[in-house]
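Just so you know, these numbers use all the heavy atoms, side chains as well, and skip hydrogens, waters and symmetry mates. In the text below, chain A, chain B and the rest are named by the order of the sequence lines, each starting its count at 1.
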Number of protein chains: 2
Amino acid sequence: MTDHTYKAYDEDLGALKTLLARMGGLAEEQLARATDALSRRDGKLADQVIADDEKIDALEREVEEKAILTIAKRQPMARDLREIIVAIRIASDLERIGDLAKNTAKRTHAVSEALPRKLMTGLARMGRLAQDQLQAVLDAYAAGDAGRALAVWHADEELDALYTSIFRELLTYMMEDPRLIGMCTHLLFGAKNMERIGDHTTNIAENIHYLVHGSVLTGERPKKDTTSLTPV
Amino acid sequence: MTDHTYKAYDEDLGALKTLLARMGGLAEEQLARATDALSRRDGKLADQVIADDEKIDALEREVEEKAILTIAKRQPMARDLREIIVAIRIASDLERIGDLAKNTAKRTHAVSEALPRKLMTGLARMGRLAQDQLQAVLDAYAAGDAGRALAVWHADEELDALYTSIFRELLTYMMEDPRLIGMCTHLLFGAKNMERIGDHTTNIAENIHYLVHGSVLTGERPKKDTTSLTPV
């Protein structure tokens with residue numbers, strides 16, 4: 001690349017990162033509000049979350065278009081090319097996190113007033129943990145800090161363990177009181193959504209590693225959805 | 001592009017389409033085997049499905065790398081650029097379909113021998129329908145046929161309706177016999193996986209439309225996960 005192309009490329013990349021920061025902030029907020037809506041059974045807040053999801057979808061399309069055009073125009077190589085590939089991938093993970101927040105919010109309307117408060121605590125805790133992890137990985141991306149990204153990657157185990165314990169807890173409540181089955185099923189799907197948000201957060205962490213080191217993060221992935229193996 | 005670049009571009013695109021055809025065939029097979037494994041509680045088959053998932057993951061990385069390099073080298077515009085963007089997106093959907101098949105297969109080990117056969121029929125039907133839809137959309141992509149893609153897009157409603165009816169059916173079984181709660185929960189997640197595979201299939205259909213017409217498919221999306229709204 002010539003000096004001129006470099007400058008133009010840096011500007012394109014800067015614009016891309018600004019879009020991603022906006023997407024990340026929005027995804028964090030959607031996750032926080034969805035957990036809050038379901039925990040407090042706030043239908044109005046849930047509707048706002050559902051309506052706002054299209055903002056994230058629109059930002060993803062913007063990131064993708066800008067990224068592809070930048071590759072076509074500037075023909076970046078090596079690390080420069082990686083920056084753009086990673087931007088596309090992170091946008092895709094953030095879009096999925098938005099979808100999962102929206103699906104969680106939707107369940108607010110299905111859960112009745114009569115839901116015992118204790119059933120909700122586990123899910124609210126998962127929501128907060130998923131949010132902390134997402135915030136940490138977005139900070140790591142903004143700072144280009146692969147070490148912090150790796151810490152997030154390892155911490156996903158905690159979210160998986162919490163999911164497994166909530167899965168068992170909800171099954172127990174269902175068995176004790178079959179009238180709770182329908183509600184607990186919605187909470188199970190809500191908890192599964194949080195677990196999957198954690199997976200997308202680890203995907204982002206892996207991409208930061210790839211961006212900084214140019215290699216794929218190896219070793220045992222922390223992610224293990226052990227509930228799919230829970231014998232019944 | 002010069003004549004020479006065009007020829008080189010066509011070769012790159014051909015290689016990309018071959019990779020995608022292999023990925024598609026593999027995703028179809030994984031889906032068929034996962035449904036089969038869970039329906040017949042065949043743990044050995046389930047293990048094969050779990051092990052083979054990494055083949056799809058590897059193909060996705062190959063598609064992505066080849067696509068990005070083709071953009072950087074050939075600087076395609078308009079329809080040529082769309083071909084490549086669409087290849088990246090379809091590879092991403094096929095990879096997710098592979099993940100969902102793997103998650104379904106995993107549940108085979110959790111479901112005991114004592115599971116009443118009637119509980120399984122709905123899920124097996126969903127699996128077959130999801131597979132038919134996937135095959136149809138991959139045919140539409142190979143043929144560049146936006147009309148057939150649109151038909152698949154509309155037919156997803158059927159899969160959603162089936163999911164809603166299975167969701168209700170499983171809840172009823174759980175309420176009638178709390179000993180079935182754990183198993184039915186696994187089947188619920190299995191059915192949800194099939195419903196999500198249907199969503200990825202409609203994503204592929206939307207991308208075929210975009211490829212052929214250069215515009216985003218408008219109108220009411222057929223996808224409606226109404227179970228998240230089912231009051232309990």
Applied to residues 58-71 of chain A, the side-chain hydrogen bond (donor to acceptor under 3.5 Å, both in side chains) test, sequence neighbours excluded, yields A:Glu64-B:Arg89
Given heavy-atom pairs under 4.5 angstrom as the criterion, report whether the side chain, backbone, both or neither of [X] touches chain B.
| X | value |
| --- | --- |
| A:Thr108 | neither |
| A:Arg96 | side chain |
| A:Leu81 | side chain |

What residue in A:Arg179, A:Met175, A:Lys73 has the most heavy-atom pairs under 4.5 Å with chain B?
A:Met175
Is there a side-chain contact (heavy atoms from CB on, under 4.5 Å) between A:Lys192 and B:Lys192? Walk through the geometry before answering.
CA-CA 11 Å; A:Lys192 180 73 187 165; B:Lys192 180 73 186 164; over 6 Å; no
Listed partners of B:Asp53 passing salt bridge (Lys or Arg N to Asp or Glu O under 4.0 Å), at least two apart
B:Lys102
Enter the distance from [X]:[atom1] to [Y]:[atom2] here, rounded to the nearest 0.5 Å.
| X | Y | atom1 | atom2 | result |
| --- | --- | --- | --- | --- |
| A:Leu188 | B:Leu188 | CG | CG | 8.5 Å |
| A:Leu170 | B:Thr185 | CG | OG1 | 9.0 Å |
| A:Cys184 | B:Met174 | SG | CE | 10.0 Å |
| B:Ile181 | A:Glu176 | CD1 | CD | 10.0 Å |

